[in-house]
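What follows is one structure encoded as structure tokens, with my remarks underneath.
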Amino acid sequence: METTVPERGTGGRAAPVPRRPGRSPALSSGITKAAARIAAFAVCQAALVAGAGLLITGPARGLWPMTTEDAAVEALENARTATLDTASSVASALGDTATVVGITLLVCLGLVLVPRLPRWREAVFLAVGVSLQSAVFVLITASVDRTRPDVERMDASPPTSSYTSGHTGAATALYAGLAVLVLSRVRAPWRRPLAAVLLLLPLLVGLARLYRGMHHPTDVAGGLANGALSLFVVGRALLPGHSWVGRPPADALGIAVAAAEQQPAPARRQATVIVNPTVTDEATREQLRLVLAQHGYRDTPFVDTTAQDPGGGQTAGALRAGAELIVVCGGDGTVRAVADALAGTGVPLVLVPSGTGNLLARNLGLPLGPADALAAGLTGEPRALDLGRIEGDGFPAVHFTAMAGAGLDAAMLEETSDRAKSALGWPAYVLAGAKGLRAPRMRLTVTLDGGPELHRTARMVLIANIGTVQAGAAPVPDARPDDGLLDLAVFDPRGAGGWLRAAGVLLRGGGRGRGAKGPGANGTGPGTSGRETTAPSRTTDSARGPVEFHTFRRAELSFARPQPREVDGDPVGPGLRLAAEVRPGALTVLMPAGER
């Protein structure tokens with residue numbers, strides 16, 4: 001049962017208290033309400049378009065302009081040429097079922113997988129709009145029986161009624177839907193010309209269907225209306241800024257705070273939220289404030305990072321001011337800067353992923369939605385994680401949470417612009433990495449825990465505290481952030497076979513392959529994936545393959561020539577040296593209960 005408390009500023013009107021912590025009217029998506037309205041308006045849409053068809057084929061068939069339709073189709077038949085035949089075939093294919101379904105699927109996958117933040121609402125808008133058009137089309141063709149024009153038809157006639165044009169309706173739902181997304185989500189100057197081209201495509205499809213003798217003009221008009229109404233109905237229900245969307249009330253924060261004040265709660269730590277403003281919009285901030293209020297954290301300060309100080313100074317200031325809990329809302333670079341300032345303090349950290357990679361959060365299995373991640377952390381348990389400490393010529397010693405490295409990966413990060421990351425998400429790194437393949441191999445010397453020097457050539461080296469990166473790739477599959485060790489991966493593929501084997505390591509995500517451990521390391525041999533906690537592993541020269549792995553507590557790497565280097569995704573400039581060591585349990589992170 002829901003209980004109510006007086007709502008602020010509304011003269012005592014009762015406001016519902018959420019059943020679960022972290023949920024509020026501001027976080028409600030209104031899915032049930034939107035689905036019900038889509039269904040109701042879809043019935044009206046089908047009745048409207050089908051009624052127009054029954055009118056066209058019944059009482060109005062002897063009226064203008066229906067009386068001129070046959071003449072118009074015959075005129076197009078007489079105007080046929082080989083060039084126009086080819087052009088109409090291409091245009092008609094844009095509305096084929098296979099084409100529409102294929103493009104819809106690819107665009108929806110792109111909206112979910114490519115951007116920095118998945119565009120779930122936009123993907124659902126396009127998929128539901130195209131699907132709704134198809135469902136209404138089936139109902140209409142079953143209700144309106146109309147024969148196709150009495151001309152030579154250039155395509156096989158499907159067993160459906162001529163009314164409406166399914167090709168035109170599907171093309172309208174797809175390409176006009178894409179135009180809506182371009183106009184609402186793209187800010188580039190070419191968005192209007194692109195949207196105009198997309199809106200032109202359904203008209204070309206309709207004209208092609210007339211030219212090929214498949215439909216009457218009113219069939220095409222019915223298809224245009226069906227597709228457009230489908231987009232209107234779904235857009236009003238799903239796209240932000242419209243009246244059917246479950247938007248938060250203007251006083252949602254007051255509701256959440258009032259509800260939280262009525263709940264008996266233990267004393268809370270003094271918290272500070274460190275926010276990267278380039279990846280955290282105002283709507284996300286409001287959601288985080290609501291979650292904080294619902295968990296008893298009231299009037300929590302939000303401190304923005306800057307280009308000059310990505311989070312370390314803000315965290316140090318919060319600690320001096322008495323903060324007992326730090327919430328970090330940003331990407332890998334922001335998390336690294338905050339963790340660097342927290343190292344060894346024992347002050348717990350809550351991770352709210354908002355960047356491109358979010359590698360630590362992904363490897364810990366944390367929720368990737370900001371509100372869900374914060375709620376999970378605030379109700380979680382402390383867990384001690386390792387940090388890596390790294391230094392080199394040209395930059396001071398810093399801590400890292402995920403990975404550092406040199407060579408191809410660092411060059412890839414240097415070549416990727418902020419604009420490309422914002423537009424494409426993590427695939428931008430892959431595109432930039434193609435340039436680094438032309439660079440010569442590096443020559444390096446590796447010393448692990450004071451052992452003998454290892455001389456290697458490599459495309460890149462990774463010093464890892466975690467194992468997996470974006471898209472499920474696992475360049476260092478056995479690395480864990482709580483085992484008291486760091487991992488070194490040396491990538492040196494040669495030829496097509498070597499690159500294929502290296503790709504297999506990245507995509508397999510399981511234990512290490514050939515050459516993972518040298519013989520004699522705690523009784524493990526090559527090909528095992530066991531982890532020792534008392535001694536680092538070694539790899540013999542004879543066991544080396546395209547990817548070579550080691551574990552260590554301290555490593556020193558020196559390069560024959562300056563190499564690009566990076567720490568947790570941030571380039572630190574080229575240099576000749578890297579030295580890294582593990583700091584076991586140096587960072588305390590609040591994790592959901594049971595996450596180990």
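Position 1 is the first residue of the sequence, and the numbers go up from there. We use all heavy atoms of the structure for the numbers below, so side chains are in, but hydrogens, waters and symmetry mates are not.
- Residue pairs meeting the side-chain hydrogen bond (donor to acceptor under 3.5 Å, both in side chains) criterion with at least one member in residues 300-311, sequence neighbours excluded: Arg285-Asp304.
- When all heavy atoms are compared, the tightest approach of Ser354 to Val279 is O-CB, 3.2 Å.
- Looking at every heavy atom in both residues, Ala397 comes nearest to Glu391 through CA-CB, 3.7 Å.
- Applying the side-chain hydrogen bond (donor to acceptor under 3.5 Å, both in side chains) test to every pair with at least one member in residues 398-407, sequence neighbours left out, gives these pairs: Asp340-His399, His399-Arg583, Thr401-Asp568.
- Residues Thr445 and His455 share a closest heavy-atom pair of OG1-ND1, 3.3 Å.
- The side-chain heavy atoms of Leu342 and Leu319, taken from C-beta on, include a pair separated by under 4.5 Å.
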Residue pair Met412, Met460: steps toward the side-chain contact (heavy atoms from CB on, under 4.5 Å) verdict: CA-CA 11 Å; Met412 182 171 58; Met460 70 175 182; over 6 Å; no
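- The pair Asp482-Arg383 meets the salt-bridge criterion, since a charged nitrogen lies less than 4.0 angstrom from a carboxylate oxygen.
- Although no hydrogens or angles enter the test, the distance criterion places no donor-acceptor pair under 3.5 Å between the side chain of Arg501 and the main chain of Pro493.
- Of the possible polar contacts, none joining the Arg443 side chain to the Thr457 backbone as a donor-acceptor pair under 3.5 Å is found.
- Taking 4.0 Å as the cut-off between side-chain N and carboxylate O, Arg553 and Asp386 do not count as a salt-bridged pair.
- Taking OG1 of Thr284 as the start and CZ of Arg289 as the end, the distance is 11.0 Å to the nearest 0.5 Å.
- Applying the side chain to side chain contact (heavy atoms under 4.5 Å, CB included) test between Asn363 and each of Asn358, Thr468, Asn465 identifies Thr468 as the sole match.
- Ala406 and Arg565 make their closest contact through CB-CG, 4.0 Å (heavy atoms, listed as atom of the first residue, atom of the second, distance).
- The shortest distance between side-chain heavy atoms of Arg456 and Leu557 does not fall below 4.5 Å.
- Taking CG of Leu325 as the start and OG1 of Thr588 as the end, the distance is 11.0 Å to the nearest 0.5 Å.
- The distance from atom CZ of Phe302 to atom OG1 of Thr280, rounded to the nearest 0.5 Å, is 9.5 Å.
- Although no hydrogens or angles enter the test, the distance criterion places no donor-acceptor pair under 3.5 Å between the side chain of Asp449 and the main chain of Gly451.
- Using a 4.5 Å heavy-atom cutoff, the side chains of Leu485 and Val582 are not in contact.
- Counting only heavy atoms from C-beta outward, the side chains of Phe549 and Asp478 never approach each other to under 4.5 Å.
- Taken from CD1 in Ile326 to CG in Leu590, the straight-line distance is 11.5 Å, to the nearest 0.5 Å.
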Is there a side-chain contact (heavy atoms from CB on, under 4.5 Å) between Val327 and Tyr297? Walk through the geometry before answering. CA-CA 12 Å; Val327 178; Tyr297 294 90; over 6 Å; no
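- Minimum heavy-atom separation, Gly333 to Asp570: CA-OD2, 3.4 Å.
- Here the side chain of Glu324 pairs a donor or acceptor atom with the backbone of Gln270 at under 3.5 angstrom.
- At least one side-chain heavy atom of Leu364 sits under 4.5 Å from a side-chain heavy atom of Met591.
- Distance check, rounded to the nearest 0.5 Å: CG of Leu374 to CG of Leu366 gives 11.5 Å.
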Can Leu486 and Phe400 be said to form a side-chain contact (heavy atoms from CB on, under 4.5 Å), step by step? CA-CA 11 Å; Leu486 293 177; Phe400 66 93; 4.1 Å; yes
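- A distance of 5.0 Å separates CD1 in Ile463 from CZ in Phe552, rounded to the nearest 0.5 Å.
- A heavy-atom distance below 4.5 Å is found between the side chains of Arg561 and Pro440.
- Nearest heavy-atom pair, Leu288 versus Pro370, reported as atom, atom and distance to 0.1 Å: CD2-O, 3.7 Å.
- Using a 4.5 Å heavy-atom threshold, the side chains of Phe559 and Leu578 count as touching.
- Annotation: side chain of Ile390 is not in contact with side chain of Val572 (no heavy-atom distance under 4.5 Å).
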Evaluate the side-chain contact (heavy atoms from CB on, under 4.5 Å) criterion for residues Leu351 and Val328: first the C-alpha distance (whole Å), next the side-chain angles of each, then the deciding distance (0.1 Å), finally the verdict. CA-CA 6 Å; Leu351 294 173; Val328 57; 3.7 Å; yes
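- Gln314 places a side-chain N or O within donor-acceptor distance of the main-chain N or O of Gly311, the cut-off being under 3.5 Å.
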